[in-house]
Participant: 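Submitted below is the structure of interest, expressed as structure tokens.
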Amino acid sequence: MRTSTARRMGTALAAAAALTSMAACSGSGSADGSGKGKGDAVAKASPVAALKQVQQKTGGAQSAKVEGTTEMGSTMSMEQSGAIGWADGLSGALTITYTGGTMGEALKKAGGDGSVEARYFKDEYYANMGAGMAANTGGKNWIRYSYKDLAELGGASGDVMKDQIQNSTPEQGVKALLASGDVRKVGQEDVRGVSATHYSGTIDVAELTAKNSELDAKQLAAFKEQLALAGVTTQTVDIWVDENDLLVKKTERGEMKTGTFNSTLFYSDYGTEVPSDRPEASDTVDFKELLKQGGTPGGAS
């Protein structure tokens, strides 16, 4: 019984880590994006003016197809693809496939094949890891994760994660650069056959979070301490923008205790239809229920 419970817990926690990778590589930035551009000629006059135009156009598109890769030191490497929307928080569906790292090994040991189907909604998301996981959850294929529950489990970092994952949209990369105070135009480059303008900047991770979350002073201090323990100090963000002022590529690089963090995402088909159906309740188990069965862990990563 203990082995079965451990498998359930390991699988559930591994899925939580995978699905929140959207938050990890979103960069919950902030800037005064309310000002409307006065035409493309003016917008292109400086990197800041241009990015404010990009923020407005990309944010207004409300949905897109996304695909990319993420590496987090020895913890995980994965590929993801699907469609996301941001008309009212994050929504959509992604297929996430582990290609290496300890998280991928944990999923395989729990009976999975290293692939996770994810569905995102404003206040929650769901994970389906296939028959191997279902065998450990009473035959139910989906695990439901409430952002509120994950925030409570993760303490200060959980609160920030909740804020970030609910705002994990393409425009967040633009906002991050605007907030960094260190944005520069690199030049014109080709992105999958599309001519795009390349912008780059370096962000103080802790300072950026301080500017944009709703955390109180105590939560923020605790989160900064966790960042310091993880060895995360700065992060480099690069974005590529097409002639329609829409984000087509974003990369992020940083250093963690477990190694280098790298993320590359490609965006296309803005305005695409986004899946909106929740899994059947009869085929879903709540993450909080799995915690009750296995005992509450000390925290969420």
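Bear in mind the structure is a predicted one, so any value in this text is a computation, not a measurement.
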Participant: Which residues pass the side chain to side chain donor-acceptor pair (under 3.5 Å) test with T272, sequence neighbours left out?
Facilitator: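 Testing T272 for side chain to side chain donor-acceptor pair (under 3.5 Å), a comparison that skips the adjacent residues, returns none.
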Participant: Do we see a donor-acceptor contact under 3.5 Å between the side chains of T99 and S77?
Facilitator: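 Per modelled atom types, T99 and S77 side chains form a pair under 3.5 Å.
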Participant: Quick one: are I84 and L94 in side-chain contact, heavy atoms under 4.5 Å?
Facilitator: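 I84 reaches L94 side chain to side chain.
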Participant: Could you check whether Y120 and Y126 have their ring centres less than 6.0 Å apart?
Facilitator: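 Centroid separation for Y126 and Y120: 6.0 Å or greater.
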Participant: Are V248 and W86 linked, directly or through other ILVMFWY residues, by side chains that come within less than 4.5 angstrom of each other?
Facilitator: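 They do not share one cluster, since no chain of ILVMFWY contacts under 4.5 Å joins V248 to W86.
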Participant: With R253 as the cation and F261 as the aromatic partner, state whether NZ or CZ is under 6.0 Å from the six-membered ring centre and within 45° of the axis.
Facilitator: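 Checked: cation-pi criterion not met.
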Participant: Go through N262 and E252 one step at a time and tell me if the side-chain contact (heavy atoms from CB on, under 4.5 Å) criterion holds.
Facilitator: CA-CA 6 Å; N262 278 292; E252 295 183 340; over 6 Å; no
Participant: May I ask you to check whether over 12 heavy atoms, not counting those of Q188, lie within 6.0 Å of atom CD?
Facilitator: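 Counting neighbours around CD of Q188, more than 12 heavy atoms of other residues, nucleotides or ligands fall under 6.0 Å, so yes.
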Participant: Nearest 0.5 Å please: distance from the NZ atom of K288 over to the CG atom of D149.
Facilitator: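 One finds 4.0 Å between NZ of K288 and CG of D149.
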Participant: Start with the C-alpha gap between N128 and V116, add the side-chain angles, then the distance that decides, and say whether side-chain contact (heavy atoms from CB on, under 4.5 Å) holds.
Facilitator: CA-CA 6 Å; N128 182 338; V116 178; over 6 Å; no
Participant: Same hydrophobic cluster for V174 and V48, using side-chain heavy-atom links shorter than 4.5 Å among ILVMFWY?
Facilitator: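 Linked within one cluster.
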Participant: If you look at every heavy atom in D283 and G139, which pair is closest and at what distance?
Facilitator: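 For D283 versus G139, the nearest heavy atoms are OD1-O, 3.8 Å.
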Participant: For A83 and V274, which heavy atoms make the closest approach, and how far apart are they?
Facilitator: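 Scanning both residues, the minimum pair turns out to be O-CG1, 4.1 Å.
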Participant: Measure across Y270 and P170 and return the closest heavy-atom pair with its distance rounded to 0.1 Å.
Facilitator: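 Scanning both residues completely, I find the closest heavy atoms to be OH-CB, 4.0 Å.
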Participant: I need the E67 CD to T264 OG1 distance, nearest 0.5 Å.
Facilitator: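 If I round to the nearest 0.5 Å, the distance is 11.0 Å.
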Participant: Does K249 come within less than 4.0 Å of D238, counting only side-chain N to carboxylate O?
Facilitator: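 Salt bridge absent between K249 and D238.
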Participant: Just wondering, do W142 and E280 contact through their side chains at under 4.5 Å, heavy atoms?
Facilitator: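 Not touching, per the 4.5 Å side-chain cut-off.
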Participant: Kindly compute the distance separating CG (N141) from OG1 (T284), expressed to the nearest 0.5 Å.
Facilitator: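 Nearest 0.5 Å value for the CG-OG1 distance: 8.5 Å.
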Participant: Quick one: does any side-chain atom of T202 pair with a main-chain N or O of T236 as donor and acceptor, under 3.5 Å?
Facilitator: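 No; judged by distance alone, with no hydrogens or angles, the pair does not exist.
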Participant: With heavy-atom distances below 4.5 Å as the criterion, would you say the side chains of L51 and Q53 are in contact?
Facilitator: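 L51 does not reach Q53 side chain to side chain.
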Participant: So, taking the atom named OH in Y147 and the one named CG in D123, what distance separates them when rounded to the nearest 0.5 Å?
Facilitator: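 Going from OH on Y147 over to CG on D123, the span is 8.0 Å.
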Participant: Hey, could you give me the CD1/CG distance between I239 and L265, rounded to the nearest 0.5 Å?
Facilitator: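 With rounding to 0.5 Å, CD1 (I239) is 12.5 Å from CG (L265).
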Participant: Between L246 and V54, does the side-chain contact (heavy atoms from CB on, under 4.5 Å) criterion hold? Intermediate values first, please.
Facilitator: CA-CA 6 Å; L246 295 172; V54 173; over 6 Å; no
Participant: Between T97 and S115, which heavy-atom pair has the shortest distance, and what is it?
Facilitator: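 Result for this residue pair: OG1-OG, 3.8 Å.
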Participant: Under the 3.5 angstrom rule, does the side chain of R119 hit a backbone N or O of S276 as a donor-acceptor pair?
Facilitator: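 Side chain of R119 to backbone of S276, a donor-acceptor pair under 3.5 Å: no, none is there.
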Participant: Scan residues 51-82 for pairs that pass ring-ring contact (aromatic ring centres under 6.0 Å, His included), counting only residues two or more places apart or in two chains.
Facilitator: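 Not a single pair qualifies under ring-ring contact (aromatic ring centres under 6.0 Å, His included).
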Participant: For the pair Y98 and M76, evaluate side-chain contact (heavy atoms from CB on, under 4.5 Å) and give the outcome as yes or no after the intermediate values.
Facilitator: CA-CA 7 Å; Y98 281 102; M76 73 168 84; 3.9 Å; yes
Participant: Can you tell me how far apart CE (M78) and CD (E71) are? Round to the nearest 0.5 Å.
Facilitator: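 These two atoms lie 11.0 Å from each other.
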Participant: Which heavy-atom pair separates P47 from Y199 by the least distance, and what is that distance?
Facilitator: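 Smallest heavy-atom distance, with atoms named: CA-CE2, 4.0 Å.
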Participant: With the side chain counted from C-beta on, respond yes when I143 and M129 share a heavy-atom pair under 4.5 Å apart, and no when they do not.
Facilitator: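 A side-chain contact under 4.5 Å exists here.
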Participant: What pair of heavy atoms forms the shortest contact from D245 to T58, and how long is it?
Facilitator: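 That would be O-OG1, 3.5 Å.
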Participant: Taking the side chain from W240 and the backbone from K250, do they hold a donor-acceptor pair closer than 3.5 Å?
Facilitator: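 Flag not set: sc W240 to bb K250 has no pair under 3.5 Å.
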Participant: Quick test of your reading: applying salt bridge (Lys or Arg N to Asp or Glu O under 4.0 Å), list the pairs with at least one residue in residues 129-147, sequence neighbours left out, ordered by first then second residue.
Facilitator: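 Listed once each, the pairs are E124-R144, R144-D286.
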